[in-house]
J.: 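What follows is a structure written as structure tokens; I'll ask about it next.
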Amino acid sequence: MPDTTTGLRHIEHVMGTVFSFDIRDEPTPAIRHALAAAVRQLHRVDAVFSTYRPDSHISRLDRGEIHLADCPPEVREVMSLCAQAAHVSEGWFSVVPAGSLDPSGLVKGWAAEAASHVLYEAGAQRTCVNGGGDLQLRGRPTPGSAWRVGIAHPLRPGELLTVVSAPHDLAVATSGTGERGNHIFNPHTGAPADSFASLTLIGPRLTLTDTYATAAFARGEGAREWLETLDGYEALAVLPDGREWRTRGFGRHEA
């Protein structure tokens with residue numbers, strides 16, 4: 001039978017970027033309520049974790065005005081995940097990448113994955129949550145089809161580097177300099193990371209996919225070898241001179 005659901009879409013400006021929701025399930029009252037709850041949750045995350053807001057818990061924690069025990073539970077959760085990522089990445093992911101407390105390399109992906117989970121718990125099984133270009137995909141957009149995600153070429157404005165096909169739950173995260181300039185730092189030197197023009201990572205869930213993409217971008221040399229050791233993750237990188245490389249399994253995700 002043809003798919004006749006109208007679905008539900010929403011765009012929210014929050015956390016200094018744009019979050020978009022593409023829900024292909026029938027928009028039941030429960031799903032509509034869940035979407036509203038997910039949006040409220042994103043604004044709460046911004047209020048707690050923004051490094052640009054002097055009154056956020058992260059800013060106050062960085063200044064030493066409060067302790068971790070004074071923060072909401074999600075701060076401890078995020079700090080624990082950051083510690084895990086730092087360990088797995090051999091120190092190339094850091095919560096102090098430029099000398100001050102900044103878990104942003106994990107928070108955006110974590111927030112988008114959490115929003116996706118809120119929708120899923122309400123019965124939405126075919127969704128795409130896009131947090132500033134990093135996506136958490138669930139299910140299929142229509143029966144028998146796959147989500148298709150275009151990856152922008154970092155050196156050729158308006159052109160696609162490739163299209164990722166996702167016939168099942170998948171996360172896609174891209175780190176690069178195209179839109180925000182040099183915003184990823186080498187945590188060992190404090191200098192901007194410049195070994196890549198962009199690095200796209202795909203994996204099962206967005207929190208660690210986004211985090212590992214950041215760590216690999218910061219790592220530069222040796223990133224490919226490190227990513228090959230991660231089970232369930234594949235990468236596509238573009239170097240500043242236009243050369244590209246892919247991990248061994250990335251090709252099976254290209255449409």
Side-chain angles (χ1 to χ4, degrees), residues 15-17 42 45-46 48-51 56-59 61-62 68 71-117 129 131-137 169-177 180 182-196 198-237 247 249-250:
M15 296 175 64
T17 188
L42 290 176
V45 169
D46 191 28
V48 171
F49 289 99
S50 174
T51 59
S56 73
H57 288 83
I58 283 296
S59 294
L61 189 63
D62 183 46
L68 189 59
C71 296
E74 55 262 43
V75 176
R76 295 189 289 276
E77 177 185 348
V78 162
M79 296 300 285
S80 176
L81 289 168
C82 287
Q84 174 188 340
H87 174 73
V88 172
S89 68
E90 301 169 334
W92 286 101
F93 180 83
S94 173
V95 292
V96 287
S100 59
L101 182 60
D102 184 3
S104 303
L106 183 140
V107 167
K108 186 179 69 170
W110 170 80
E113 182 183 337
S116 174
H117 184 71
V129 178
D134 298 328
L135 294 84
Q136 179 67 66
L137 306 162
D169 292 10
L170 196 72
V172 183
T174 298
S175 292
T177 60
R180 297 173 57 192
N182 290 323
H183 66 284
I184 298 175
F185 296 88
N186 179 325
H188 302 295
T189 66
D194 58 5
S195 294
F196 299 109
S198 74
L199 188 146
T200 295
L201 192 65
I202 56 179
R205 291 288 179 263
L206 188 54
T207 301
L208 291 182
T209 301
D210 191 17
T211 304
Y212 292 160
T214 300
F217 195 99
R219 187 176 193 130
E221 184 177 355
R224 183 176 186 176
E225 291 75 14
W226 172 64
L227 290 169
E228 292 279 13
T229 70
L230 300 180
D231 186 34
Y233 296 87
E234 301 293 345
L236 165 61
T247 53
F250 191 92

J.: Distance check, rounded to the nearest 0.5 Å: Leu236 atom CG versus Phe196 atom CZ?
T.: 10.5 Å
J.: On a heavy-atom basis, which atom in Pro187 and which in Trp92 lie closest, and how many Å separate them?
T.: CG-O, 3.6 Å
J.: Does the pair Lys108/Asp210 count as a salt bridge with the N-to-O cut at 4.0 Å?
T.: no
J.: Taking C-beta and beyond as the side chain, do Leu106 and Gln84 meet within less than 4.5 Å on heavy atoms?
T.: no
J.: Mind running side-chain hydrogen bond (donor to acceptor under 3.5 Å, both in side chains) on Trp110 and Glu74 for me, showing each step along the way?
T.: CA-CA 10 Å; Trp110 170 80; Glu74 55 262 43; over 6 Å; no
J.: Flag the pair Val107 / Met15 as yes when at least one side-chain heavy-atom distance between them is below 4.5 Å, and no otherwise.
T.: yes
J.: Do the side chain of Ser175 and the main chain of Leu199 share a donor and acceptor less than 3.5 angstrom apart?
T.: no
J.: With side-chain hydrogen bond (donor to acceptor under 3.5 Å, both in side chains) as the test, would you mind laying out the steps for Glu234 and Thr247 before giving the verdict?
T.: CA-CA 6 Å; Glu234 301 293 345; Thr247 53; 2.5 Å; yes
J.: Begin from the C-alpha positions of Glu113 and Thr209 and carry the test side-chain contact (heavy atoms from CB on, under 4.5 Å) through to its verdict.
T.: CA-CA 10 Å; Glu113 182 183 337; Thr209 301; over 6 Å; no
J.: Should the pair Tyr233 and Tyr212 be assigned to parallel (<30°), tilted (30 to 60°) or perpendicular (>60°) ring geometry?
T.: perpendicular
J.: Can you find a heavy atom in the side chain of Val75 that is under 4.5 Å from one in the side chain of Val78?
T.: no
J.: So, do Gln136 and His117 sit near enough that their side-chain heavy atoms are less than 4.5 Å apart?
T.: no
